[in-house]
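Values in this document were obtained by computation on a predicted structure and should not be read as measured data.
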Amino acid sequence: MARTPARDARPRASLRRGEKLGKYKLLRRLGEGGYADVWRAMDTVEGVPVALKLPRRPPADAQVLADFHREAHILSQLDHPNILRLKNADIISGRLVLAYDLGLGSLDHRMGRRHRTGWALEVVRQLLEALGAAHEKKIMHRDVKPENIILFPGDRVRLGDFCIARLANAKLTQETSSGTLGFMAPEQAYGRPALASDVFAAGLVLHQLLTGQLPPWPFDWPYPGLETLRRKAPPEMITVIRRATAFQQRARYPDASRMLAAYNYALSKFRRLEAQRKARRSRKRRRAGESPLRWERIRLREFEKRFRKRYGLHFSCRKCGNPIGEAMPFCPWCGTDDNSLRNTTGHPAYCYSCERGVRMEWDYCPWCYTGRFADAVNRPHSDARYTQRCANPACPDRRMMPFMRYCPWCKTKVKRPIKCEEGEKPCRHCRWPVPAGFWTVCAWCGKETS
């Protein structure tokens, strides 16, 4: 005789505030989607608020079950600070329930209020970090849009809703055009999504954040809001947007990692321009009769004027805010060795150990002696900064940049100190050049200069 299923195993048609699903108590509905509703709930066991994703249709629908199982499986493979973390996946009272960390809200809600350009660019940087991590595993998101970008305290951004994501190397026949109109790439609308489809959507999110306008079909350049874009972003950032949102897939960045490298370079240009604008505003206030510069600022200004080009002073110490160069293992002002340039370097990539910039053709990190890069490429290369020579006569290339600690081609350590120029003196510990009268700590060995 067939067994009758228990009554509590059947999902109810609708849910109400205050209702309990296992250990979760529903507090209020946060949003609705084509696949599921999202609720704010309380985990009564852990005592923390969570976001619950609950299917709209009964799990007897094979497609809904397959989508939710796929999302749980994909998120189990992705462990990244910018990807929404799946706390738990379970079937409760006949419902498939996905529990996530609860954020402050979606980017879609936040875009309705005024925001700084720098904040918007940081949001997109973190979005590209998340997509880059997914693309490295050949996973497409296929529904990148502001509603799926969740904001957390501390200006942290996490990408969620991998419900329609899929492996990029899976069979693409009979593929549907899953996604959201307005952010969907042309090839995705025709059922042929690729990693570049996520790049396209990320470019549209960036354009909308900076201009408040979403480019219309058929995405002919220039888009509406170009003048606003020119006022807010440097030409390099406009180039990134134009290439990322190109109608033809082959004209775009092939994946988010390639876009992120170009984006970080444009972002460094933006930050440099912002620093220059801030300096100009400061000068105007001083001319208007405000308090004079403190002697420390005068000293820093003189230092940058004399040594900016020599040391490549394009970055700021994250601890004290004073100017540093990419080749400096230590901040010469406060002595910290905790500076990361992964998001501001002018090089196309960065070392995973010291987080300083590297070029794609280098075999080794010239700053920290990291082991051989597995993804180094063998291609012609040129850079005006190659002004030094490796001391190893057997080195395959021998070209080096100033202040490199190791040869990027053969890993030979630089033993001979760099010659001092006018206004410099050798460090009494490592003999490398130190600007006389400026640094308190040697930027090369980290020891006190006095």
Side-chain angles (χ1 to χ4, degrees), residues 31 33 80 82-84 103-135 140-152 155-165 178-189 193-217 219 221-226 228-229 232-233 236-247 249 252-253 255-264 266-267 270 343:
H80 191 275
N82 296 122
I83 293 178
L84 192 60
L104 301 175
S106 70
L107 178 61
D108 182 54
H109 294 147
R110 180 63 179 81
M111 287 173 71
R113 306 197 303 270
R114 293 184 61 182
H115 53 260
R116 295 179 292 105
T117 301
W119 176 86
L121 295 178
E122 175 61 17
V123 166
V124 176
R125 185 194 67 76
Q126 295 186 47
L127 168 63
L128 292 176
E129 292 274 5
L131 285 174
H135 288 183
M140 296 181 289
H141 187 281
R142 300 200 304 165
D143 198 18
V144 177
K145 59 182 179 180
E147 292 91 330
N148 291 335
I149 301 170
I150 311 301
L151 309 179
F152 284 80
D155 289 337
R156 171 71 66 186
V157 173
R158 294 178 182 172
L159 178 62
D161 201 356
F162 277 80
C163 194
I164 60 174
S178 298
T180 299
L181 293 176
F183 292 91
M184 191 185 300
E187 70 278 1
Q188 186 174 346
L195 298 179
S197 305
D198 288 345
V199 167
F200 183 86
L204 294 184
V205 170
L206 173 58
H207 186 276
Q208 188 178 21
L209 271 171
L210 294 179
T211 67
Q213 300 184 59
L214 190 62
W217 179 274
F219 307 108
W221 188 268
Y223 303 144
L226 181 59
T228 301
L229 197 58
K232 291 186 175 183
E236 292 81 1
M237 189 64 71
I238 299 175
T239 300
V240 169
I241 294 175
R242 184 173 183 178
R243 182 175 175 185
T245 59
F247 188 89
Q249 177 186 334
R252 291 182 226 136
Y253 302 102
D255 55 48
S257 297
R258 300 285 186 86
M259 181 178 177
L260 179 61
Y263 183 84
N264 281 335
L267 186 59
F270 168 80
N343 300 320

query: With sequence neighbours excluded, what pairs up with E187 under the salt bridge (charged side-chain N to carboxylate O under 4.0 Å, His left out) test?
result: R252
- request: Would you please name every residue forming a salt bridge (charged side-chain N to carboxylate O under 4.0 Å, His left out) with R110, sequence neighbours left out?
  value: none
message: With no hydrogens and no angle check, just 3.5 Å: does a side-chain donor-acceptor pair link T245 and Y223?
response: yes
- request: Could you tell me whether a side-chain N or O of D198 sits under 3.5 Å from a main-chain N or O of R142, the two making a donor and an acceptor?
  value: yes
query: Between the main-chain N or O of A134 and the side-chain N or O of H80, is there a donor-acceptor pair closer than 3.5 Å?
result: no
What's the separation between atom [atom1] in [X] and atom [atom2] in [Y], rounded to the nearest 0.5 Å?
| X | Y | atom1 | atom2 | result |
| --- | --- | --- | --- | --- |
| L195 | Q249 | CG | CD | 9.0 Å |
| K232 | T228 | NZ | OG1 | 6.5 Å |
| H207 | M237 | NE2 | CE | 13.0 Å |
| M111 | E147 | CE | CD | 9.0 Å |

- line: Residues A233 and L210: closest non-hydrogen pair is CB-CD1, 4.3 Å
Counterpart residues, side chain to side chain contact (heavy atoms under 4.5 Å, CB included), relative to [X] (two or more places apart):
| X | value |
| --- | --- |
| T239 | none |
| E236 | P234, Y265, A266, K269 |
| V199 | A244, Y253, M259 |
| P222 | L226 |

With sequence neighbours excluded, residues passing ring-ring contact (aromatic ring centres under 6.0 Å, His included) with [X]:
| X | value |
| --- | --- |
| H135 | none |
| F247 | W217 |
| F270 | none |
| Y263 | none |

task: Evaluate the side-chain proximity of L159 to H141: yes if any heavy-atom separation is below 4.5 Å, no if none is.
output: yes
For residues 118-133, dump all side-chain donor-acceptor pairs below 3.5 Å to protein atoms at least two apart in sequence or in another chain.
| residue | atom | partner | partner atom | Å |
| --- | --- | --- | --- | --- |
| E122 | OE1 | R125 | NE | 3.0 |
| E122 | OE2 | R125 | NE | 3.3 |
| E122 | OE2 | R125 | NH2 | 2.6 |
| E122 | OE2 | Q126 | NE2 | 3.0 |
| R125 | NH1 | E129 | OE2 | 3.3 |
| R125 | NH1 | N343 | OD1 | 2.8 |
| Q126 | OE1 | N82 | ND2 | 2.9 |
| Q126 | OE1 | V157 | N | 2.9 |
| Q126 | NE2 | D155 | O | 2.9 |
| E129 | OE1 | R342 | NH2 | 3.3 |
| E129 | OE2 | R342 | NH2 | 3.4 |

message: For S257, give me all partners under side chain to side chain donor-acceptor pair (under 3.5 Å), at least two apart in sequence or on another chain.
response: none
message: Can you confirm whether or not the ring centre of F200 sits under 6.0 Å from the ring centre of F219?
response: yes
